[in-house]
There are 2 protein chains.
Amino acid sequence: MGHKGEALRQRIIVAADLLFYQRGYENTSFSDIAKDVGISRGNFYYHFKTKDEILNAVIDTRVSDIEQMLNEWGKQYPDPRQRIQHYIDILTNNQENIKSHGCPIGSLCSELAKQNHALQQDANKMLTVLRDWLTVQLKELGLGKEARQTAMHLLARSQGIASITNAFEDKTFLQQEVKRLKQWLDEQIQ
Amino acid sequence: MGHKGEALRQRIIVAADLLFYQRGYENTSFSDIAKDVGISRGNFYYHFKTKDEILNAVIDTRVSDIEQMLNEWGKQYPDPRQRIQHYIDILTNNQENIKSHGCPIGSLCSELAKQNHALQQDANKMLTVLRDWLTVQLKELGLGKEARQTAMHLLARSQGIASITNAFEDKTFLQQEVKRLKQWLDEQIQ
DNA sequence: CGAAGTTTAGGGCAACCATCCTATTTACTG
DNA sequence: CAGTAAATAGGATGGTTGCCCTAAACTTCG
């Protein structure tokens with residue numbers, strides 16, 4: 001297989017990723033993606049034989065993007081405290097998108113759960129990667145058995161903030177909640 | 001208009017409500033609802049001319065159900081503290097459904113937001129009714145200007161708990177978080 | 001160059017969906 | 001009981017979707 005096909009494959013994944021986020025998975029058609037990439041449906045089908053296949057590719061990409069980001073933070077920031085703060089800052093850094101489309105992880109998991117989709121478990125990997133990473137960070141900060149539970153709590157808080165920010169289209173709320181969440185974090189790890 | 005039609009109309013709304021919750025709005029067809037009610041599509045169309053129309057009816061029903069519930073609590077429980085605890089208990093009381101289908105309010109708002117649906121604002125009413133009611137309760141408990149912000153925080157926490165419970169299909173997590181949320185509430189209003 | 005493999009385009013198909021339409025049955029009223 | 005209105009059934013329609021198929025164009029390499 002030539003590398004030209006591989007490059008196009010990547011472009012398709014990027015376009016699909018964005019559309020799935022903005023419009024949802026079911027609400028995005030092959031034609032929508034093909035149009036965005038600027039190719040024909042036939043060509044699209046050459047690269048991805050089913051819709052599940054491209055969803056799978058999008059999820060895989062997202063998971064490894066997350067893993068890479070967390071890895072990066074591990075190298076850049078020696079203090080787990082700092083790393084977790086960067087996790088929370090994801091909310092602030094993406095507030096415009098969150099306001100318009102919610103959390104890309106949470107909204108996808110929610111949609112797939114509703115259709116009992118076969119790839120629901122794969123989508124959950126986006127969450128478990130974050131959960132496990134947060135657990136490690138919290139343990140490094142001296143938390144014991146409760147680290148995992150606290151990590152889950154952090155996930156839930158983030159999801160809640162994204163949901164309400166999206167529903168009310170209110171970035172101010174997001175900012176308030178981020179501040180509150182950071183205060184709470186400081187109290188947990190002194 | 002006879003009252004027979006009105007009764008069927010109600011049955012349609014109930015069936016649609018449930019299906020929208022379990023499968024999502026877009027993922028539910030006229031035929032699905034008609035089949036559940038046990039009527040033909042033609043009859044269905046006699047009662048609701050468009051899909052938006054039935055969504056509208058479902059939202060209206062949900063909103064007034066919520067209002068009625070809150071009203072009831074107002075009469076039954078003299079202490080706002082108690083009332084808010086009942087709000088939190090909604091999570092526990094519906095944990096099985098939340099595990100399988102998420103929060104009926106949050107997941108609908110999220111879906112409609114993704115499609116830029118005309119009724120998104122109407123769906124938000126389910127949230128604003130709760131927010132405003134929580135604000136009143138918190139003010140009665142002595143909170144001032146921060147009452148509204150705290151109410152929003154409560155909404156977000158609930159949404160987050162529902163999202164993660166649904167994604168991980170983990171009722172234990174829901175129970176842990178409810179406990180935590182009640183502890184937090186106690187700290188806010190002493 | 002020329003053959004074999006890779007990539008692209010786009011027409012076609014069966015299924016599904018929201019909606020429309022018409023015909024029939026049922027309920028109500030004078 | 002007759003006639004009008006309400007209610008029900010289900011076929012028809014036009015649009016969209018995921019997916020299939022075939023032919024053409026392009027790449028690669030002996």
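Lettering of chains follows the sequences in order, A, B, ..., and the numbering in each one begins at 1.
- Comparing dT8(C), dA18(C), dC19(D) by their nearest atom to the side chain of Leu8(A) picks out dT8(C).
- Backbone-only contact: Thr50(A) has heavy atoms under 4.0 Å from sugar-phosphate atoms and none from a base.
- Of the two residues contacting DNA chain C, namely Gly42(A) and Tyr46(A), the nearest-nucleotide position lying further toward the 5' end is that of Tyr46(A).
- For the OP1/OP2 pair of dA9(D) and a distance below 4.0 Å, the side-chain nitrogens and oxygens of Asn43(B) include at least one atom meeting the criterion.
- Across the protein-nucleic acid pair, Ile12(B) atom CD1 and dA7(D) atom P stand 11 Å apart, rounded to whole Å.
- Remark: His47(A) is not in phosphate contact with dT6(C), judged by side-chain N or O atoms under 4.0 Å from OP1 or OP2.
- At whole-Å resolution of the value, CZ in Arg11(B) and C1' in dT8(D) are 12 Å apart.
- Proximity note for Ser40(B) (side chain, C-beta onward) versus dG18(D), dA9(D), dT8(C): the nearest is dA9(D).
- Within the 4.5 Å cutoff, no side-chain heavy atoms of Gln149(B) are placed close to those of Phe173(A).
- Per the geometry, CZ belonging to Phe48(B) stands 13 Å off P belonging to dA7(D), to the nearest Å.
- Atom-to-atom, CG of Asp52(B) to C1' of dC17(C) comes out at 14 Å; the value is rounded to the nearest Å.
- In this structure, CZ of Phe30(A) is placed 18 Å from P of dG10(C), rounded to the nearest angstrom.
- Considering only side-chain atoms of Ile39(B), the nucleotide from dA9(C), dT17(D), dA9(D) that sits closest is dA9(D).
- Ser158(B) and Tyr87(B) share a side-chain donor-acceptor pair at under 3.5 Å.
- Rounding to whole angstrom units, CD of residue Glu26(A) and P of dC17(C) are separated by 11 Å.
- A distance-only check finds no donor-acceptor pair linking the side chain of Lys171(B) to the backbone of Thr92(B) [under 3.5 Å].
- Considering only heavy atoms from C-beta on, Gln115(B) comes within 4.5 Å of Glu26(B) through its side chain.
- One atom, CZ of Arg41(A), and another, P of dC13(C), lie 13 Å apart when rounded to the nearest Å.
- Counting to the nearest Å, the C1' atom of dA18(C) and the NZ atom of Lys49(B) are 15 Å from each other.
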